[in-house]
Enquirer: 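Structure in structure tokens, see below.
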Amino acid sequence: MTASDEAIDEATAEKAPRTRLARAAVLLAVFVCAACGLVYELALVALGSYLIGDTVGQASIVLSVMVFAMGVGALLAKPLQRRAEAAFAGIEIALALLGGLSVLLLYAAYAWLSLYVPALVVIALLLGMLIGAEIPLLMVLLQRIRKQDAGSAVADLFAADYVGALLGGLAFPFLLLPVFGQIRGALLVGAVNAIAGLGLVLTVFRKRLRRRTQGVLAVAAVGVTVVLTTTFAFAGQFELSARQALYADPVVHAERTPYQEIVLTESVTLSGPGDVRFYLNGDLQFSSVDEYRYHEALVHPVLAGPHESVLILGGGDGLGLREVLRYPDVRRVTLVELDPEVVRLARTQPDLQAMNQGAFNDPRVQVVTADAFTWLRENAARYDAIIVDMPDPDSTATAKLYSVEFYALVRRAMADGGRMVVQAGSPYFAPRSYWCVEASLREVGLRNTPYYVSVPSFGDWGFHLASDTEPELRLSPSVPALRSLDAESLRAAGVFPVDRRRIPGVPSSSLMQPRVLDYAKEEWRNY
């Protein structure tokens, strides 16, 4: 071996560790960028499901637009490959800024401009284009470190990309969302995105950049960092202002749980108590001014039959429970509520506790924190009266609680001679949704009697009383004194105006075909 051959071997041996380290740095950047990109997608889907309620629709918009935009971004990255280092760093800085601010911008568009869907499409399009441009540029950077067979390079790149996506997919629901919330979580991920992209370029590929380019990138990175940091510091104040813009009355309590956003507002009056209103994901659940009209109509007709044992599905505010406990011959009440924070608030918040009269402290009450659908599948107990007091079926999560399959499980939990009642929305504003509930009840073999009452906060609001035999709309002989119902007004509640009577041909709703969700979205769109 000649001296020159030995020198080449020594140079190659010295260069090999640096090459492996540089390749590892590029693959780490791929890993981190993939994790950040998936977090941005999930954050947009989650925000839409909270604000709009249509999880499937929001996920479809975000994913389809972003996947399309990623293809466009990959094509647009072709002319940037000659200056891949600077282009990649610039894209990561832009992605950090837009991705970090995406949730905040969309929340502002929803709260103040009523332009949520157009803003969502634009942001998803821009984010998708930036994310799509990453992989071609990273492929160029990987090849500049060491020429490699195209198939092997693609395998390495996509392996790091998919594993990073796994990390982002798990980190969003289990770390970022519960610890930091949506706005701060997105801002934090934006900062990580900038550090990963800029750090790779300014370390591994620094020598390939001109000093002027390095300076421009550094200034841009500092500017983005200042914006993200400042926004992070003031995110709480922004969220308070945006949330307040959504509600007419001052917000006195707000929290986001793993299941929903809970908001309590209270109007200020100079004479008498204010109007306390309870919202879940922006939908009004009750007003303290007239909630008794809703809960009296919900509870007392079903308790006209046997009622020693009562099951309440939903109703974590305790207001329906309050009405049930007014019967001294009720021996056992089981309340199944998905969100423990709703029950905790009902137990401890002074206004709610006063309204439900401390119902959860009654020894006859057992509270179960569980999904009602899952709990019913495992339940072996039977109940004389079952009260289904669920939020409206305007999302995929709640639509299953208005399905044939759900009502079949409820029927299985009914004792012989038992009765059930379902809050079914407005027969005036959402007639197809209302009569779809009746069709679903009848499909599982239940006979039902529809009725409705006037609740000023909601308008005309309807219910379905159901049992194995045609249930009579009446009050129990032992009914306590009521404020809004008597025998005569309850009989009148079963008489519908000509233009709001049963709609023939409305089909039932099932898990595989949630028609009630389609009806609810269509009918409530203009209200």
Enquirer: Any donor-acceptor pair under 3.5 Å linking the side chain of Thr398 with the backbone of Asp392?
Expert: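 Between the backbone of Asp392 and the side chain of Thr398 there is a qualifying donor-acceptor contact (under 3.5 Å).
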Enquirer: Determine whether a donor-acceptor pair (N or O, by modelled atom type, separation under 3.5 Å) exists between the side chain of Tyr407 and the backbone of Val437.
Expert: no
Enquirer: Strictly below 4.0 Å, N to O, side chains only: are Arg243 and Glu261 in salt-bridge contact?
Expert: yes
Enquirer: Between the main-chain N or O of Val226 and the side-chain N or O of Thr229, is there a donor-acceptor pair closer than 3.5 Å?
Expert: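 The answer is no, because no donor-acceptor pair under 3.5 Å joins these two groups.
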Enquirer: Are more than 12 heavy atoms, taken from residues, nucleotides or ligands other than Arg332, located less than 6.0 Å from that residue's CZ atom?
Expert: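 Counting neighbours around CZ of Arg332, more than 12 heavy atoms of other residues, nucleotides or ligands fall under 6.0 Å, so yes.
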Enquirer: Given 3.5 Å as the limit, does a donor-acceptor pair link the side chain of Asp362 with the main chain of Arg364, or not?
Expert: yes
Enquirer: Test your reading of the model: is there a side-chain donor-acceptor pair from Glu308 to the backbone of Pro306, 3.5 Å cut-off?
Expert: no
Enquirer: Got a second to check how far Leu490's CG is from Leu475's CG, nearest 0.5 Å?
Expert: 5.0 Å
Enquirer: Answer yes or no: is there an ion pair linking Glu488 with Arg491, defined by an N-O contact shorter than 4.0 Å?
Expert: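 Answer for the salt bridge query: no.
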Enquirer: Near Arg377 CZ, under 6.0 Å, is it more than 12 heavy atoms from other residues, nucleotides or ligands?
Expert: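 Not more than 12 within 6.0 Å, no.
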Enquirer: If you look at every heavy atom in Ser508 and Cys436, which pair is closest and at what distance?
Expert: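 That would be C-SG, 4.0 Å.
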Enquirer: Within a strict 4.5 Å, meaning less than it, do heavy atoms of the Tyr452 and Tyr428 side chains meet?
Expert: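 They are not in contact (no side-chain heavy atoms under 4.5 Å apart), so the answer is no.
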Enquirer: State whether a side-chain donor-acceptor pair under 3.5 Å links Asp339 with Gln260.
Expert: yes
Enquirer: Do you know which two heavy atoms are closest between Leu298 and Tyr451, and how far apart they sit?
Expert: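 Closest pair (atom of Leu298, atom of Tyr451, distance): O-OH, 4.1 Å.
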Enquirer: Applying side chain to side chain contact (heavy atoms under 4.5 Å, CB included) to Trp461 and Gln423, what does each step give before you reach the verdict?
Expert: CA-CA 8 Å; Trp461 211 256; Gln423 90 80 12; 2.8 Å; yes
Enquirer: Check the pair Phe286, Tyr294 against ring pair (Phe, Tyr, Trp, His ring centres under 6.0 Å), reporting the backbone distance first and the verdict last.
Expert: CA-CA 8 Å; Phe286 66 80; Tyr294 171 89; 9.1 Å; no
Enquirer: Check for a donor-acceptor pair, side chain of Thr449 on one end and backbone N or O of Pro471 on the other, with a separation under 3.5 Å.
Expert: yes
Enquirer: From the options Leu335, Leu376, Leu401, select the one residue that forms a side-chain contact (heavy atoms from CB on, under 4.5 Å) with Leu313.
Expert: Leu376
Enquirer: Using modelled atom types only, decide if a donor and an acceptor are shared between the side chain of Arg382 and the backbone of Ser309 within a distance under 3.5 Å.
Expert: no
Enquirer: Check whether any side-chain heavy atom of Trp524 lies under 4.5 Å from a side-chain heavy atom of Ser426, and answer yes or no.
Expert: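 Result yes, sub-4.5 Å side-chain heavy-atom pair found.
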Enquirer: Please report the interatomic distance CD(Glu523) to OH(Tyr519), rounded to the nearest 0.5 Å.
Expert: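 That separation rounds to 8.5 Å.
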Enquirer: Does any non-hydrogen side-chain atom of Met420 lie less than 4.5 Å from one of Leu446?
Expert: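 Yes, side chains in contact.
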Enquirer: Is any side-chain heavy atom of Phe429 closer than 4.5 Å to one of Asp460?
Expert: no
Enquirer: Working to the nearest 0.5 Å, report the span between CG of Asn193 and OH of Tyr40.
Expert: 3.5 Å
Enquirer: I'd like to know whether Asn356 forms a side chain to side chain contact (heavy atoms under 4.5 Å, CB included) with Leu321, so could you lay out the CA-CA distance, the side-chain angles of the two residues, the decisive distance to 0.1 Å, and finally the verdict.
Expert: CA-CA 8 Å; Asn356 64 43; Leu321 178 62; over 6 Å; no
Enquirer: Before giving the answer on side chain to side chain contact (heavy atoms under 4.5 Å, CB included), spell out for Val410 and Val422 the whole-Å C-alpha distance, their side-chain angles and the decisive distance to 0.1 Å.
Expert: CA-CA 11 Å; Val410 176; Val422 179; over 6 Å; no
Enquirer: Heavy atoms only: give me the nearest Ala372-Val336 pair and the separation to one decimal.
Expert: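 Answer, listing the atom of Ala372 first, then Val336: CA-CG1, 4.1 Å.
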Enquirer: Closer than 3.5 angstrom, by distance alone: can the side chain of Thr369 be matched with the main-chain N or O of Pro340 as a donor-acceptor pair?
Expert: no
Enquirer: What I want to check is whether the side chains of His300 and Glu296 have a donor and an acceptor closer together than 3.5 Å.
Expert: no
Enquirer: Find the distance between OG (Ser49) and CG (Asn281) and round it off to the nearest 0.5 Å.
Expert: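 Result: 7.5 Å between the selected atoms.
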Enquirer: Measure the spacing between CD of Glu41 and CE of Met66 and express it to the nearest 0.5 Å.
Expert: 4.0 Å
Enquirer: Ignoring hydrogens and angles, tell me if any N or O in the side chain of Gln513 forms a donor-acceptor pair with the backbone of Arg515 under 3.5 Å.
Expert: no
Enquirer: Do the side-chain N and O atoms of Tyr259 and Asp371 include a donor-acceptor pair separated by under 3.5 angstrom?
Expert: no
Enquirer: CD1/Ile312 to CD/Gln366 distance, rounded to the nearest 0.5 angstrom?
Expert: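 Going from CD1 on Ile312 over to CD on Gln366, the span is 12.0 Å.
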Enquirer: Which pair of heavy atoms, one from Gly418 and one from Ser467, lies closest together, and at what distance?
Expert: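 What the structure gives for the nearest pair is O-CB, 3.4 Å.
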Enquirer: Is there side-chain contact between Lys400 and Pro514, with at least one heavy-atom pair below 4.5 Å?
Expert: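 They are not in side-chain contact.
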Enquirer: Within the structure provided, determine whether Arg277 and Ser457 are in side-chain contact (heavy-atom separation under 4.5 Å).
Expert: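 The answer is yes, as the side chains (C-beta and beyond) meet within the 4.5 Å cut-off.
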Enquirer: Determine, stepwise, if the pair Arg347 / Gln353 fulfils side chain to side chain contact (heavy atoms under 4.5 Å, CB included).
Expert: CA-CA 6 Å; Arg347 289 179 184 271; Gln353 190 179 38; 5.7 Å; no
Enquirer: For a 4.5 angstrom cut-off between non-hydrogen side-chain atoms, does Glu266 reach Val276?
Expert: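 SC-SC contact between Glu266 and Val276 confirmed.
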Enquirer: Using only atom types and a distance under 3.5 Å, with no angle test, would you say the side chain of Arg419 pairs donor to acceptor with the backbone of Leu465?
Expert: no
Enquirer: For a 4.5 angstrom cut-off between non-hydrogen side-chain atoms, does Leu47 reach Tyr116?
Expert: yes
Enquirer: Provide the closest heavy-atom pair for Arg501 versus Phe496 in the form atom of the first, atom of the second, distance.
Expert: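 Taking every non-hydrogen atom into account, NE-O, 2.8 Å.
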Enquirer: Near Arg432 CZ, under 6.0 Å, is it more than 12 heavy atoms from other residues, nucleotides or ligands?
Expert: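 Result for CZ/Arg432: open.
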Enquirer: Considering residues, nucleotides and ligands other than Asp329, do more than 12 of their heavy atoms fall under 6.0 Å from its CG?
Expert: yes
Enquirer: Work out which heavy atom in Gln244 is nearest to a heavy atom in Val251; give both atom names and the distance.
Expert: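 For Gln244 versus Val251, the nearest heavy atoms are OE1-N, 2.8 Å.
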Enquirer: Considering only NZ, NE, NH1 and NH2 on the basic side and carboxylate oxygens on the acidic side, decide whether Arg411 and Asp468 come within less than 4.0 Å.
Expert: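 Result for this pair is yes, salt bridge flagged.
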